[in-house]
Amino acid sequence: MSAPAPAVPGSATASGGRAADTTAAPLVSVDDLRVSFGRHGVDVVDGVSFTIAPGECLALVGESGSGKSVTARTLVGLTGYGARVRAANLEFDGQDVSRNTERHWRGIRGAQVGFVLQDALSSLDALRPVGREIAEPLALHTTLTKAARGEKVIELLRAVGVPEPELRAQQYPHQLSGGLRQRALIASAIACGPRLLIADEPTTALDATVQAQILALLGELKRGDAGMLVVSHDLSVVARLADRVAVLRAGRIVEQGPTRQVLEDPRDEYTKALLAAVPATHAKGTRLSSAPAAVIRATPREFDRTTPIVAAEGLVKAYAGPDKVNRTVVREVSFAVHPGETLGIVGESGSGKTTTARLVLGLERADGGHVSVRGRRWDSLTPADKRAERRRLQIVYQDPLSSFDPRYTVERVLGEAIGVTGLRAGQRRDRAVELLEQVSLGAEHLKRRPLELSGGQRQRVAIARALAPEPELIVCDEPVSALDVSVQAQILDLLADLQERLGIAYLFISHDLGVIHHVSDRVLVMKDGAVVESGDVRQIFTAPAHEYTRTLLSAVLTPAAQGGPRA
Amino acid sequence: MTAITVPAVLPERREHAATRRRAFRPGVALGLAFLGLLAVAAVTPGLLTSHDPLEISTAGAFVPPGADHLLGTDQSGRDTLARMVYGARSSLLMGLGATAIAVALGSAIGLLAGLANRYVEGAVMRLIDVALSIPDLLLALVVITLLGTGTVNALFAVAFASVPYYARMIRAQTHVVRAATYVEAATALGLRRSAVIRRHVLPNAFKPLVVLATIGVGNAIGAGASLSFLGLGTKPPAPEWGNMLSLGIQYISNDPFMVIVPGLAITLTVLSVTVVGRDLRRRTEGRS
Amino acid sequence: MRQLKRIATRFAAGLGVLWGAATLSFVALHVTAGDAALATVAGDGANPTQAVLERVRADYGLDQPLWQQYLGYLGRLLQGDLGESYQQRVPVASAIGEQLGETVQLALSAALVAVVLAVGTAVLTARRRPWIRSAASGTELVLTSFPTFVLGLVLLIVFSFPAGWFPVSGNDGVSALVLPTFTLALPIAATLSQVLRTELEEVLEQPFILTARSRGMRDAAVRLRHALRHALIQIVTMSGFVIGGLLGGAVITETLFVRRGVGQLMLTATTTKDIPLVLGVVLFAAAVYVVVNLVVDIVYGLIDPRVVTA
Amino acid sequence: ACGSGGGINPASADASSRTAGAVLNGAGAPVDGGILNLSMSADPLCLDPHAISSDVEQIFGRILTDNLIYLDTEGNPGPWLAEKWEISADGKVYTFHLRQGVTFSDGAVFDAEAVVANFEHMLDPDTRSPLAGPYIAPYESSRIVDPYTLEVTLKQPYTPFLDVLAQGWLGLLSPKAIKESTPAQLCEKPVGSGPFVLTGYTKTQGATFTKRAGYDWGPPQLGYSGAAHLDGINVSWVGQDAVRFNSLVSNQYQATGYVPAQNASAVKTNPNLVYSNVNRIGLPYTIEFNTSRAPFDDLAIRQAFVSAVDREALVKTVGFGERQLATSFVDRVTKYYDPEVKLRGHDLKQANELLDKAGWTGRDAEGYRTKDGKTLLVQWPVAQTATISPIFDLVQAQVKAAGIKVNIELLPSAQLTTRRYNGDYDLSAGVWHTNTPDVLYIKYATFSIPNEKRLGQNTSRISDAQLDGWLEEARRTGDKAKLTELYGNAQQRLAELVPGFPVYDNSVLWAFSAKLHDVVVDTSHGTPYFAYSWLEK
Ligand SMILES: Nc1ncnc2c1ncn2[C@@H]1O[C@H](COP(=O)(O)OP(=O)(O)OP(=O)(O)O)[C@@H](O)[C@H]1O
Ligand SMILES: Nc1ncnc2c1ncn2[C@@H]1O[C@H](COP(=O)(O)OP(=O)(O)OP(=O)(O)O)[C@@H](O)[C@H]1O
Ligand SMILES: [Mg+2]
Ligand SMILES: [Mg+2]
């Protein structure tokens with residue numbers, strides 16, 4: 001344990017604000033790293049080379065599956081079960097670690113290198129109080145007494161900005177919010193004052209507001225002379241933290257350089273595409289992806305734009321929790337969606353967005369208020385009428401995979417949806433192919449099962465299914481949050497195209513303000529089940545009236561905000 | 001009785017990825033081959049042995065294994081191999097029949113509970129609790145006391161004892177499926193409730209059942225043999241592995257084959273069914 | 001408080017289960033053929049007089065209509081009186097109590113052996129080289145496929161008959177307990193260890209395990225301190241099955257090793273139509289079931305804090 | 001050593017079929033001490049001899065209790081606790097002169113009053129006596145002449161009275177214990193005057209008996225007096241035959257009752273074991289027809305059935321050379337056994353002829369005989385156990401050759417008993433051991449047919465006036481020549497009536513360690529009598 005992390009009480013030589021010394025002997029030096037899994041697996045890390053100097057922060061960016069996490073794990077010898085690691089050079093602190101035994105690694109892990117895992121929310125043992133988790137590296141690498149460790153844990157928690165650390169140390173992970181859990185994890189990683197801190201996607205699972213807090217914390221930690229490796233596919237995070245950036249694609253580094261240069265003036269095409277796909281900076285109507293617009297064969301229908309397709313009035317919904325106590329999750333929500341428009345609903349996780357959507361679709365009975373569909377109240381409809389109305393209102397689920405019967409092929413999934421329009425069985429296949437074309441998929445996908453499709457393809461099939469009954473409104477519940485920026489861009493473009501051609505209205509739910517900004521005409525901001533603000537998208541994003549909206553917006557990061565203006 | 005319990009309800013998870021990948025295993029092939037042989041024995045036992053399992057020859061008792069009697073004879077001079085081969089029928093009948101009845105009844109009850117309203121469900125579940133709280137063997141005993149002994153009655157006994165396990169499993173499964181997003185998606189499409197149940201709830205609730213029932217077959221065979229072992233199963237002189245075994249124990253020092261043969265037959269059958277059942281599970285879960 | 005209330009409701013439900021089990025068995029036993037009074041006094045080789053038979057009928061109220069007998073039974077049950085065993089002529093409670101010790105001894109030692117074996121194998125073999133896993137799971141497969149009585153026989157033939165290492169039968173001493181214990185424990189251990197290993201392997205893939213490793217923890221510690229506790233939740237869930245298996249398996253083990261115990265008691269009581277005794281055993285088994293489920297409920301909370309506070 | 005006739009050593013044990021009173025393994029000088037571990041097949045669940053009908057009482061009775069009478073080696077009543085007795089001319093009044101100085105282990109004195117208390121206990125419905133009570137059913141009253149003289153009056157003459165008083169089930173209990181305990185308590189802790197005292201009893205597991213200090217009133221016929229040599233006897237119940245045999249071989253026990261016949265040769269060749277196979281008085285193992293209903297109400301069908309059965313093959317299969325083919329309706333060691341009786345032999349041709357003549361000429365699909373479209377089917381309910389005797393399916397297979405279909409039904413014992421008393425069966429099988437030829441009355445007299453009034457043992461439900469006459473007269477006669485004639489007639493008549501067919505003579509197989517000496521063969525039951533046995537150190 002040499003250079004302790006800054007800002008941690010008890011680590012003697014804290015010094016703040018020093019720039020990275022790139023000329024000094026590198027802390028980490030990786031040359032031509034190759035990693036494969038299984039006996040005949042391809043190299044998922046395919047000749048990666050980089051160095052990290054003390055006090056420097058290197059960011060690994062790249063789309064999902066590009067090998068970021070594998071590279072990071074290799075640095076602590078935890079590449080994974082059945083992994084084959086080869087490298088021309090793999091040094092930590094001047095020592096070759098490529099031939100390290102488990103025992104050597106154990107001396108490095110936790111003590112020399114702190115590791116904050118990608119799946120932050122499940123990286124704490126659910127059955128133990130967080131205090132014990134944080135104390136674990138201390139127990140393993142120091143000779144501190146139990147009492148001393150307890151004190152140190154409190155100090156660490158305080159250092160990472162956890163309020164009431166004494167209380168928190170006693171609590172179990174499930175009793176902590178995501179942000180607190182992430183902090184506890186960071187506290188555990190820096191407990192022994194490591195010389196290198198690896199943070200794998202430290203903010204992906206978090207709310208925008210919490211995300212900002214964690215980034216601030218990491219930024220503060222960076223100001224010591226420990227090295228840092230940040231892994232992310234979120235360029236805004238990188239812009240905020242990293243001194244240098246390495247862009248990974250399919251296991252290779254396609255571009256590497258100082259942050260500012262890579263973000264402002266990307267050389268590589270892939271980097272450029274990555275940057276272009278971030279929706280937040282584009283107004284509605286601009287295309288995000290380079291893919292051509294889908295061919296949509298249909299004549300636009302004429303709509304009566306005066307009657308809303310759906311109108312919600314004073315919706316209230318409460319659920320009984322496991323403790324039998326009722327919790328109101330939707331409070332007095334009112335809004336209307338007119339044909340051809342997009343109403344965005346934004347709000348943090350658990351604010352009641354999905355529940356509101358389900359109430360609108362009549363999939364859940366409201367405890368108060370009512371929903372009207374094209375002027376008629378849901379509760380006045382007969383079951384048969386309800387079924388008929390349902391066809392006009394479709395939904396694309398938050399998690400498309402689980403919305404498909406696992407036994408069904410794409411053809412059956414679409415066939416069933418087409419069936420409700422009364423189309424004869426013989427013609428369904430043609431219609432299914434047509435629908436697939438609309439979402440830029442081909443007939444070859446008809447025979448596949450949902451599991452045999454990629455995430456983006458599944459999302460498209462879900463959209464195709466929603467289109468099948470020729471609906472007037474589609475509820476899109478977080479349709480892109482599980483996707484890569486590049487795939488996300490394609491889906492958003494597709495939705496826009498469909499709206500333009502078919503005049504479909506959307507109720508678009510997301511917690512991603514960038515996405516909402518890009519797609520919506522009007523926006524509803526929800527917090528704790530209530531609408532705190534609603535109105536025209538431009539108005540809300542430029543002049544938010546509510547305090548909460550302002551917090552949300554201030555937490556939004558864009559690469560541009562850090563990396564400078566872009567075209 | 002472990003034998004009657006249906007560990008099929010154990011929430012066993014998928015096998016480790018490394019072993020899942022290999023598609024074909026020698027054990028499964030052997031299991032299938034053995035089951036095939038059993039099927040032949042059950043359908044046309046005459047193909048596998050030329051002896052009559054009931055033919056008594058008091059002069060030829062306890063003949064050691066040899067050319068004429070491959071596995072020797074029992075205390076009444078009956079051919080042990082022939083009895084084993086002919087005994088396959090009642091064992092398979094027990095395994096398949098008891099499982100079929102248990103699955104049919106169990107899933108009917110489970111579905112009723114899973115799809116009905118809260119009160120019906122509560123009542124059914126309490127009944128299942130009651131059935132589960134009575135030891136399986138006692139349940140079986142009572143059924144046999146009610147119906148009398150015999151292969152078919154033992155079959156019912158084993159079946160009834162495992163009904164609550166299947167019922168509970170199907171109900172749980174129905175709940176899982178009913179809450180699944182794809183069921184809601186079908187509702188959102190505007191399908192009728194009956195169509196949703198028929199097309200999505202039932203098939204998906206039953207999917208794990210197919211595999212679990214396979215494993216249940218093995219358990220039922222073991223359970224049936226246990227009943228016969230206790231004198232509650234097949235009536236003499238019909239050959240059945242369990243009663244061959246309990247008879248064999250009495251003569252273990254005169255002819256160990258009378259114990260070894262049926263013991264091995266039971267174990268190998270249960271083993272084969274289990275191996276094949278698990279492989280089936282692995283395959284179906286590999287896809288879903 | 002909420003916890004208490006939950007336990008109270010569960011307790012009430014448990015009493016319901018007991019009542020149901022008793023009623024169901026009462027009806028089933030009475031509708032089965034056979035005259036209980038005759039069975040009581042006129043067994044093999046007996047030559048009793050009619051007077052004796054009538055005395056027995058009157059003593060046990062067997063001459064009353066069924067509903068009257070049922071109400072009488074329930075009434076006595078509410079006063080904690082389980083009645084008298086027809087065959088043994090002692091209070092059912094003491095007839096069962098007398099046998100209980102042996103069964104409990106057997107069940108506990110089997111449970112202990114099963115859990116130790118299962119946890120041991122699972123912890124040692126989870127996520128190890130393929131051949132280690134195959135060897136372990138192969139053995140487990142074979143063991144789970146042995147019906148109890150076949151396994152018991154195998155153990156007898158191998159360890160007892162020829163070599164005389166362990167006594168063939170009886171209830172005396174630790175050595176007489178060895179073979180029955182293993183007969184009962186091995187299949188359960190095999191099942192448990194399979195479940196436990198799968199569970200462990202799943203847990204060992206969890207991010208928090210990787211996190212623990214990234215702190216420099218040794219493998220054994222990771223398995224024992226972090227992974228095992230998670231996997232144990234599964235074992236607790238299965239304990240209902242385990243207990244059921246122990247009680248049921250005990251019948252056959254007891255028959256085979258000629259041990260006395262509740263299992264044997266149940267078997268003979270049923271065939272001789274000793275109704276109060278059968279009902280006593282049913283109530284006992286049902287009570288075990290109810291209690292085990294209650295305990296499982298509570299243990300859940302102890303192992304997994306999420307259950308209580310969530 | 002003690003007793004008459006010297007010891008029979010292991011080598012010649014096989015020849016011991018008529019060895020009532022013999023002393024087995026008699027060589028050597030007795031030493032005191034040691035505990036005998038004895039394994040038995042089943043717990044009677046009650047140790048009050050009067051309240052049970054279990055076989056084990058034949059051994060237990062001799063451990064725990066003494067009787068008024070002990071049979072001599074010829075089967076004639078001899079003195080024990082009754083030193084002598086007189087019988088009135090009409091055979092109804094017995095005057096017993098009792099031995100003095102005998103006490104029960106709880107201190108109660110044995111005297112006339114004690115005997116009366118025992119008779120009353122046997123007959124009390126609360127005792128639920130299945131055997132002892134019915135054995136003294138003719139008992140009417142007692143008169144205590146003086147403390148050691150008892151006059152017993154019977155309702156009618158009953159010659160077997162003295163014989164049955166010698167049986168283990170009629171062993172005498174302490175009057176104090178009888179008075180102070182409920183029948184159920186007495187089951188748990190009977191108190192006798194025998195050579196050993198019950199000191200522990202755990203149901204279904206075992207019982208421990210401890211030597212009674214000061215015991216000095218064994219049967220005079222044994223030729224020995226004084227207390228037992230053994231310090232005690234521990235009894236364990238081991239239900240499985242194979243297991244019981246193996247635990248004997250492994251020396252877990254030094255003696256076991258009911259050695260399975262198939263293990264006899266292994267015992268015989270084992271130099272560490274002594275083997276005994278003793279025939280027992282009473283009914284041989286007999287398969288009986290229910291003569292009260294079709295088809296066995298027809299004598300011809302019964303005759304045909306017997307002709308179809310190869311009894312020798314049956315005996316060979318179940319006997320392993322240890323059982324003798326029965327030749328009459330009483331075992332050959334029974335008094336007044338008639339060696340002249342001719343039982344039908346195996347003759348399939350004759351069986352077929354008889355059935356043809358009786359009109360069972362049709363054949364069904366399976367080849368069984370039919371008459372008026374009805375298959376010749378007989379029901380054979382048997383007890384549901386793990387160890388079903390191979391005799392059932394052997395008989396089934398044999399008579400199948402004559403076209404008779406036997407349906408074996410496995411029933412729980414409660415149902416089996418009920419069916420037996422309701423007469424709902426066609427075949428039944430079993431032995432009936434007692435120590436008097438009166439077994440023929442118990443088994444075949446019209447009086448013994450189960451009916452509303454009493455639960456008799458006449459399972460064949462045969463009712464024959466001539467037979468009844470002889471058997472009743474035999475109960476009234478003390479004259480030996482007359483008895484020989486009466487029981488001879490009865491046996492001949494039974495051979496004609498064919499109420500069933502005896503298969504093998506009922507013998508009891510037991511074995512004990514060669515270290516256990518001076519084991520006496522009991523004259524009433526043929527079972528081991530351990531009163532004066534001793535263990536080699
Ligand atoms: N233990 C493993 N066994 C086999 N393949 C693995 C293993 N771990 C990772 N991979 C594969 O290696 C590739 C790179 O994975 P990695 O986790 O590094 O991606 P990533 O860049 O971190 O993506 P994400 O942004 O989704 O976290 C992927 O194709 C992944 O499937
Ligand atoms: N069926 C249900 N039973 C009980 N509670 C529920 C149920 N469905 C939702 N909730 C609770 O209602 C609240 C709102 O849930 P909802 O799914 O609407 O949130 P959301 O805004 O869509 O969040 P996310 O962004 O995470 O999807 C949450 O606290 C959730 O736990
Ligand atoms: Mg990653
Ligand atoms: Mg949601």
Side-chain angles (χ1 to χ4, degrees), chain A residues 37-41 80-82 354 357-358 360-364 381 383-408 412-422 449-452 461-462 465-469 471 473-475 477, chain B residues 13-23 107 114-115 117-119 121-122 170 172-212 280-288:
Chain A
F37 288 95
R39 214 164 285 170
H40 308 290
Y81 191 76
T354 301
R358 289 163 45 91
V360 166
L361 293 176
L363 296 170
E364 199 83 60
L381 298 181
D385 280 350
K386 261 190 205 164
R387 280 202 298 276
E389 284 305 330
R390 283 212 164 115
R391 287 166 207 170
R392 302 174 195 274
L393 314 175
Q394 287 299 308
I395 176 166
V396 175
Y397 282 91
Q398 192 161 1
D399 170 16
L401 179 60
S402 68
S403 75
F404 299 124
D405 191 324
R407 300 170 308 121
Y408 274 32
R412 274 182 84 184
V413 167
L414 294 179
E416 183 172 58
I418 295 166
V420 302
T421 60
R449 276 170 217 281
L451 269 171
E452 297 158 352
V461 174
R465 173 172 63 181
L467 291 173
L473 172 88
I474 299 180
V475 173
D477 191 357
Chain B
R13 301 274 178 80
R14 64 189 157 83
E15 298 245 324
H16 191 248
T19 51
R20 196 190 325 149
R21 220 161 289 137
R22 237 183 306 155
S107 33
L115 294 176
N117 65 39
R118 220 148 44 89
Y119 303 101
E121 169 166 18
I170 282 290
Q173 197 61 31
T174 311
H175 270 277
V176 169
V177 173
R178 223 169 57 152
T181 316
Y182 59 82
V183 169
E184 190 183 283
T187 314
L189 275 176
L191 295 179
R192 290 170 184 282
R193 184 175 144 88
S194 59
V196 174
I197 289 177
R198 184 164 35 85
R199 283 196 217 161
H200 298 286
V201 179
L202 294 195
N204 282 297
F206 278 105
K207 204 173 60 174
L209 191 69
V210 178
V211 174
L212 293 182
L280 196 65
R281 161 148 62 185
R282 194 165 37 241
R283 277 160 205 279
T284 52
E285 286 193 355
R287 268 195 285 112
S288 63

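Because the structure is predicted, anything quoted here is derived from the model rather than measured.
- Of residues 190-200 of chain B, those residues lying under 4.5 Å from chain A by any heavy-atom pair are B/G190, B/L191, B/R192, B/R199, B/H200.
- Heavy atoms of A/L361 lying under 4.5 Å from chain B are absent altogether.
- Residues in residues 383-403 of chain A take part in no ring pair (Phe, Tyr, Trp, His ring centres under 6.0 Å) pair, two or more places apart or across chains.
- Remark: B/T181 engages A/S402 in a side chain to side chain donor-acceptor pair (under 3.5 Å) (not counting sequence neighbours).
- A distance of 7.0 Å separates OG1 in B/T187 from CG in A/L363, rounded to the nearest 0.5 Å.
- For the set A/P469, A/P383, A/A417, the entry with the most heavy-atom pairs within less than 4.5 Å of chain B is A/A417.
- With rounding to the nearest 0.5 angstrom, the CG atom of A/D399 is 12.5 Å from the OH atom of B/Y182.
- The candidate from A/K386, A/R465, A/E389, A/E416 with the greatest count of non-hydrogen atom pairs under 4.5 Å with chain B is A/E416.
- One distance of note links CG of A/L393 with CG of B/L189; it measures 11.5 Å at 0.5 Å rounding.
- Here B/T174 pairs with nothing under the side chain to side chain donor-acceptor pair (under 3.5 Å) rule; sequence neighbours left out.
- Of all heavy-atom pairs spanning A/S403 and B/A185, the tightest one is O-CB, 3.7 Å.
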